[in-house]
Amino acid sequence: MFTVKPKEQLFDSTQAIVIGLYHENRHQQKVYQEINSALGEVLDEYVKHGDLSNDYKAVTKVYTLGRIEPKRIYVLGLGKKKELTRSSYIKAIGHLAKELKKDRITQFSFVLDSFVSDQFSEEEVSTLFAEATLTAIYDFPNYKTNNSKPPFGFESISVITDKPIQKALDEGHAYADGINTARYLVQLPGNLLTATDLAHFAEHLAHDLGLGIEILEKEDLERLGMGALLAVNQGSVEPPKMIVLKYQGKEKWEDVLGLVGKGITFDTGGYSLKSKEGIVGMKSDMGGAASVLGAMEIIGRLKPKENVVAVIPSTDNMISGSAFKPDDVITSFSGKTIEVLNTDAEGRLALADAITYAKHHGASRLIDVATLTGGVIVALGDWITGAMTNDQEYYQSFEEITKWTDEPIWQLPYLPVYQEKVRGSELADLNNSPGRKAHPIMAGSFLAEFAENTPWIHLDIAGTSTSDKEYDLGPKGPTGVMVKSLAAYILKGQK
Ligand code: BES
Ligand code: MN
Ligand code: ZN
C-alpha cells in the first residue's frame, strides 16, 4: 500500500501528486518551485489570480496537461503552521483523501516535505497520513444485489522523502486497520454476527497475530458459575461465549492491563422490552467488544512491551419462555448476588462476570468499554464518551492519551451515594437498575462493585460508537471509537 520513494522519483508515473501548502514560505518551498517550473509556472499563475488557496482544508486541483506523467496536482491548504493541531491536521488529510476517492484516484505520490513543520515531524506526519487516508475512505460492505458502485480503495501510495519513515507509515496503517475492523464488526447485523461468529473472528485474529486465545463455552460458564452472563443469554437459542485474548509483551505475566468490551450482539431489552423505535440499531450493542478487538489487532501488529488481556462477554439479549425476568435473583461469577430489576440493564451483568474473569487472568488495571446507557447520549451527545473511575491518577493518564487521539472523554462522578443505590436491594447484594435517575452513573457504579480494588476506568460509548452523519475521518455509521485511544495508551506505555 505505502512505499517510500526518493525525491528524484517525484515525477514518476502515478495518477496524481499531492502537496501541502502552509500560509508561510510558500515560495521558498523547494517542491513548489520544482513543480511550478516543470509546469511552466502554472502554479504562480494560479496564485496570481487567487486560485491556489493555502487556507486550512482548501483543496485545489491543477491539471498538468501532459507536461509531467501525473495528470493532476492536488494542493491541500494547511493554514497557518502555528494554528494547526494534531486533530485539525488529521481531519484535513481525511478531507483530502475523500476528494481523491471522489475522483477515483487509486495511485498517488504524497510529497512529505511540504507537510512537515516545526511541530510535525516526518514521522508524525507519516503516521497520521496513513491513518487518516485509510480511515477516511472506509466503506461498509452492503448486501445490495445490484450494487452499481464498485468498492473503492487506494492501490498504491508513494511517499516522497529521503527520510526512513516506513515504520511510521506502518504504524498509521495498523491504527487504520484496527479502527476499520471495529467499524466493520459493529455494522454487521445481529443475524450475521452471533456470539459464535464473534468468537470465530477473535480466533482468526489471534491466529493471524499470534495472540493467546481462550473461548469459554456455555458449559464452561456453567461450571465456573458465571450466572450473570448466563442470565442474559437464558432466553436465546444462540450459545453465549466468553472470549479471552492475551498479548504478552513482557517477560513475565505481571502488570497486566485488562480490556473488557461489551459484546451484546443484539439487545431487545429482554422482558423489559425496548420500544419499536428504541430497538432498531441494537445490533451495535457489541461496540465495546469491537473497540477492544480493534485495539488488540493494533497491539498484535505493533508489539509493544506491555501485557494485555482482553475479555469479551458475548450473547444476544432475547425473549422466550426460558428468558430471565425482572425480579429474578442471580449469582455472578464473583459470588455477589444480583436482583434483576430491569432485563434491559443487561450490559452491566455480562460485564460484571467479564471484569471478574479479567482479574482471574491477572489483570492489575482495568478499562471497560461499553455501549452501556442511553442516558449518556442525553448527557454528553454523540461526540463525547462518558467515563468513570475508582482511581484518579490512573484516569488522568488515560485522559491525556484521549486528548492526543482526539477521542474526548468526560468524567462522571463516582461517589458513595451512588454505591448505596446499587447496593440497595432487599434480597441480594446488588440490584442492576435503581431507576432512571443518573442511570449512566448507576451502570458504572455497578461495574465498580466488580472491579473492587483494582484500578478501573469505565468508558460508556453508547453515543460515540456510531455517527449519524459522514465526517472527515469516516462514513456515517459505526466509528470505531476508542480503538485508537486504547491502542495508543498501551503503545505509549502509560501507567
Ligand atoms: N444497549 C443499551 C444502551 C444503548 C441505548 C446503547 C441506546 C446505544 C443506544 C443498554 O443495554 C440499555 O438498554 N440501557 C438502558 C439502561 C436502563 C435500563 C437503566 C437504557 O439506557 O435505557
Ligand atoms: Mn439493554
Ligand atoms: Zn445493551
Side-chain angles (χ1 to χ4, degrees), residues 182 185-187 190 193 195 198 228-229 231-236 240 260-291 312-319 323-328 338-354 368-386 388 412 418 421-422 424-425 430-447 458-468 477-479 481-482:
L185 288 171
V186 173
Q187 192 260 176
L193 185 81
L198 195 62
L229 174 57
V232 179
N233 176 254
Q234 221 169 276
S236 180
V260 179
K262 175 175 173 182
I264 301 297
T265 56
F266 192 82
D267 181 13
T268 67
Y271 274 99
S272 311
L273 188 61
K274 288 187 183 294
S275 68
K276 59 180 175 289
E277 292 84 21
I279 204 167
V280 177
M282 279 302 137
K283 67 176 182 181
S284 70
D285 213 14
M286 33 55 71
S291 297
I312 294 167
S314 189
T315 175
D316 45 9
N317 182 21
M318 303 294 284
I319 286 182
F324 79 140
K325 314 170 288 301
D327 286 352
D328 283 1
I338 304 161
E339 182 179 12
V340 177
L341 297 180
N342 191 327
T343 59
D344 199 10
E346 86 298 338
R348 67 198 76 179
L349 298 174
L351 289 166
D353 283 351
D368 80 72
V369 196
T371 49
L372 206 58
T373 65
V376 87
I377 314 174
V378 177
L380 300 176
D382 51 16
W383 191 242
I384 308 211
T385 294
M388 284 172 73
L412 303 171
Y418 301 120
K421 296 270 186 224
V422 299
S425 163
L430 303 168
N431 83 80
N432 82 328
S433 181
R436 269 168 56 86
K437 289 182 188 169
H439 82 244
I441 298 171
M442 292 307 164
S445 302
F446 183 89
L447 298 178
H458 162 60
L459 301 170
D460 191 337
I461 59 167
T464 49
S465 70
T466 53
S467 173
D468 56 13
T479 57
V481 73
M482 289 301 144

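Start at 1 and go down the list; that is how both ligands and their atoms are numbered.
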Under a 4.0 angstrom heavy-atom cut-off, which atoms of ligand 1 come close to [X]?
{"X": "Thr373", "result": "3 (C), 21 (O)"}
{"X": "Ser433", "result": "19 (C)"}
{"X": "Lys262", "result": "1 (N), 10 (C), 11 (O)"}
{"X": "Ile377", "result": "7 (C), 9 (C)"}
{"X": "Thr371", "result": "1 (N), 2 (C), 3 (C), 6 (C)"}
{"X": "Asp285", "result": "1 (N), 11 (O)"}

Relative to ligand 1, is [X] under 4.0 angstrom through side chain, backbone, both or neither, heavy atoms considered?
{"X": "Arg436", "result": "neither"}
{"X": "Arg348", "result": "side chain"}
{"X": "Glu346", "result": "side chain"}

To the nearest 0.5 angstrom, please state how far the CG atom of Leu351 sits from the CD atom of Glu346.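 Reported to 0.5 Å precision, the distance equals 9.0 Å.
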
CG of Asn342 to NE2 of His439: how many Å apart, nearest 0.5 Å?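 It comes to 9.5 Å.
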
For [atom], what is the closest protein heavy atom, and at what distance to 0.1 Å?
{"atom": "atom 22 (O) of ligand 1", "value": "His439 NE2, 4.0 Å"}
{"atom": "atom 10 (C) of ligand 1", "value": "Leu372 O, 3.2 Å"}
{"atom": "atom 21 (O) of ligand 1", "value": "Gly374 N, 2.5 Å"}
{"atom": "atom 12 (C) of ligand 1", "value": "Asp344 O, 3.2 Å"}
{"atom": "atom 7 (C) of ligand 1", "value": "Met282 CE, 3.5 Å"}
{"atom": "atom 2 (C) of ligand 1", "value": "Asp267 OD2, 3.6 Å"}

[Y] backbone acceptor or donor facing [X] side chain under 3.5 Å:
{"X": "Asp368", "Y": "Val260", "answer": "no"}
{"X": "Asp353", "Y": "Ala350", "answer": "no"}
{"X": "Ser275", "Y": "Gly278", "answer": "yes"}
{"X": "Arg348", "Y": "Gly444", "answer": "no"}
{"X": "Lys283", "Y": "Gln187", "answer": "yes"}
{"X": "Asn431", "Y": "Glu339", "answer": "no"}

With respect to atom 17 (C) of ligand 1, which of Thr268, Thr343, Asn342 exhibits the smallest heavy-atom separation?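 Shortest heavy-atom distance from atom 17 (C) of ligand 1: Asn342.
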
Thr464 and Thr385: side-chain hydrogen bond (donor to acceptor under 3.5 Å, both in side chains), yes or no, with the steps? CA-CA 6 Å; Thr464 49; Thr385 294; 2.9 Å; yes

Applying the side chain to side chain contact (heavy atoms under 4.5 Å, CB included) criterion to Ser291, which one of Ile461, Val186, Thr479, Leu459 satisfies it?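 In the set Ile461, Val186, Thr479, Leu459, the residue that makes a side chain to side chain contact (heavy atoms under 4.5 Å, CB included) with Ser291 is Ile461.
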
Option passing side chain to side chain contact (heavy atoms under 4.5 Å, CB included) with Met286 (candidates Ile264, Leu185, Thr315, Thr371):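 Going through the options one by one, the only one that passes is Leu185.
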
Test side-chain hydrogen bond (donor to acceptor under 3.5 Å, both in side chains) applied to Asp316 and Ser236, step by step: CA-CA 7 Å; Asp316 45 9; Ser236 180; 2.6 Å; yes

Side chains of Ser272 and Asp344 only: does a donor on one sit below 3.5 Å from an acceptor on the other?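 No donor-acceptor contact under 3.5 Å links the two side chains.
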
Determine which of the N, O or S atoms in Glu346 is closest to the Mn ion (ligand 2) and give its atom name.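 Of all N, O or S atoms belonging to Glu346, OE1 is the one nearest the Mn ion (ligand 2).
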
Relative to the Mn ion (ligand 2), which of the N, O or S atoms in Asp267 is the closest?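 Checking each N, O and S atom of Asp267, the shortest distance to the Mn ion (ligand 2) belongs to OD2.
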
Residue pair Lys421 / Met442, side-chain heavy-atom distance below 4.5 Å: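 They are in side-chain contact.
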
Using a 4.5 Å cut-off on heavy atoms from C-beta on, say whether the side chain of Asp285 contacts that of Thr265.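 Thr265 does not reach Asp285 side chain to side chain.
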
Going by chain and residue number, what protein N/O/S atoms come nearer than 2.8 Å to the Zn ion (ligand 3)?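 Correct list: Lys262 NZ, Asp267 OD2, Asp285 OD2, Glu346 OE2.
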
Any N/O pair Lys274/ligand 1 closer than 3.5 Å: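 It does: an N or O of Lys274 is found under 3.5 Å from an N or O of ligand 1.
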
